[in-house]
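Worksheet: the structure to be examined is printed underneath.
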Amino acid sequence: MASTLAEAYAEIYRDQPVHLQYHNHLDLGSLGEVPESHAWPPLDNYSSSVEPVPVIDLTDPEAVKLVGHACRTWGVFQVTNHGISMRLLKDVESESWRLFSLPPQQKLKAARSPDGISGYGLARISSFFPKLMWSEGFTIVESPVEHARQLWPQDYSNFCAVMEEYQNEMKQLAERLLWLVLGSLGINKKDIIWAGPKGDFGDASAALHLNSYPPCPEPNRAMGLAAHTDSTLLTILYQNSTSGLQVLRDGAGWVTVPPLAGGLVVNIGDLLHILSNGEYRTVLHRAVVNRTHHRLSIVYFSGPPTNVQISPLSRLVPPLYRPVTWTEYLGAKAKHFNNALSSIRL
Ligand SMILES: O=C(O)CCC(=O)C(=O)O
Ligand SMILES: [Fe+2]
């Protein structure tokens, strides 16, 4: 049985390999118009007249309460005073630029294999849609070394050092955020055995994903990343100063999550939705593109150890979902995509 995230994905993609046309991959930034392969129906309009996505200062004594409220109403919030230095955010941004600025043929040397998760390529969720998305990505699970060497045979060490530092810092921030979210549900350290004796989620699994969205000549006919929910417990997203992330708010439509200098976006994922028996809603989100600015996002997907059963908390009755491991859930997602959550509903 798979015991790491990479092994879990290898099993899933062995059964359902994802064959995307990497080698027809266009150099999107150089195109004067949107080709048919990337032309989506016009984007549905989004609302501008709702209250903004909550911003929470993590040093606020009321942080637990504010987090709980944001999880119940939005499923997303931004955090400030999170302890990640501006220096590290800038470093991870500039190393990501260095990667995406490489010539297409060079990036393809680190292409993801059809049965792998790590490396360079189109959004995996592209296989569920008739049209391609206006983006490219690079995924890191555990160490980035193997793929970084393919990109820069002589010069990969700074990229790896920065990404590894970022992964370490994100792991700690994810721990802190998870306890805030769980605390707001009334759960404490002894209730979550898989958090380990120190409560540091030492065996937790995670992936780091870099997204690049080149400027697009006809932004209304293109899609950066189609609407989806994340299969995580929670996701921590850093975006550069170009907006594009939108979340679906009940009754209001698509709401932009504006870039906040030094801020980080936190999404509730499907596994927290299950754990909280739907009290904390997984948030449907997407990325749109724009005409003039190149957008980047750096996304940390945080989950439990892959083989731990996640089920609704026992005091939240009746349970709406059956217990699942992350590995099982990722398999359901690879098969059913946005219907994965309903596929495990009791
Ligand atoms: O680029 C963004 O803002 C969204 C990225 C995202 O949702 C993802 O990578 O799962
Ligand atoms: Fe996402």
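The chain is numbered in sequence order, starting from 1. Order of appearance sets the numbers: ligands from 1, and atoms from 1 within every ligand.
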(request) Check step by step if ring pair (Phe, Tyr, Trp, His ring centres under 6.0 Å) holds for His293 and Tyr213. (result) CA-CA 9 Å; His293 288 75; Tyr213 305 92; over 10 Å; no

(request) Determine, step by step, whether Asp230 and Thr232 satisfy the side-chain hydrogen bond (donor to acceptor under 3.5 Å, both in side chains) criterion, reporting the C-alpha distance in whole Å, the side-chain angles of both residues, the deciding distance to 0.1 Å, and the verdict. (result) CA-CA 5 Å; Asp230 292 344; Thr232 53; 4.8 Å; no

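Note: the hydrophobic cluster containing Ile117 also contains Leu108 (ILVMFWY, side chain heavy atoms under 4.5 Å, direct or indirect links). Taking hydrophobic clusters as Ile, Leu, Val, Met, Phe, Trp and Tyr residues chained together by side-chain heavy-atom distances below 4.5 Å, Leu58 shares a cluster with Val266.
Neither the backbone nor the side chain of Asn267 comes within contact range of ligand 1; no heavy atom lies under 4.0 Å. No part of Thr235 comes within 4.0 Å of ligand 1, judged by heavy-atom distances.
Note on ring orientation: taking the six-membered ring where Trp is involved, the planes of Trp97 and His294 are perpendicular (angle over 60°, cut-offs 30° and 60°).
A distance of 6.0 Å or more separates the ring centres of Tyr329 and Tyr321. Between Trp326 and Phe301, the distance separating the two ring centers is not shorter than 6.0 angstrom. Aromatic rings of Tyr120 and Phe138 (six-membered ring for Trp) have centroids beyond the 6.0 Å cut-off, not under it.
Numbered from 1 in the order shown, with element, the atoms of ligand 1 that lie under 4.0 Å from a heavy atom of Leu237 read 2 (C), 3 (O), 4 (C), 5 (C). Ligand-side atoms of ligand 1 in range of Asp230: 10 (O), range being under 4.0 angstrom from any heavy atom. Contact atoms of ligand 1 toward Leu225: 5 (C), 6 (C), 7 (O), 8 (C), 9 (O) (distance under 4.0 Å to a heavy atom of the residue). Taking every heavy atom of Phe301 and a limit of under 4.0 angstrom, the matching atoms of ligand 1 come to 8 (C), 9 (O), 10 (O). Atoms of ligand 1 lying under 4.0 Å from any heavy atom of Ser297, numbered from 1 in the order shown and given with element: 1 (O), 2 (C). Counting the atoms of ligand 1 from 1 in the order shown, those under 4.0 Å from a heavy atom of Tyr213 are 1 (O), 2 (C), 4 (C), 5 (C).
Using 4.0 Å as the threshold, His285 has a heavy atom nearer than that to some atom of ligand 1. Close to ligand 1: Arg295, with a non-hydrogen atom less than 4.0 angstrom away.
In terms of N/O distances under 3.5 Å, ligand 1 is approached by Asn211.
The nearest non-hydrogen atom to atom 10 (O) of ligand 1, considering only His228, Arg124, His209, comes from His228.
Between Tyr238 and Ile84, every side-chain heavy-atom pair lies at or beyond the 4.5 Å cut-off.
In Asp230, the N, O or S atom that comes nearest to the Fe ion (ligand 2) is OD1.
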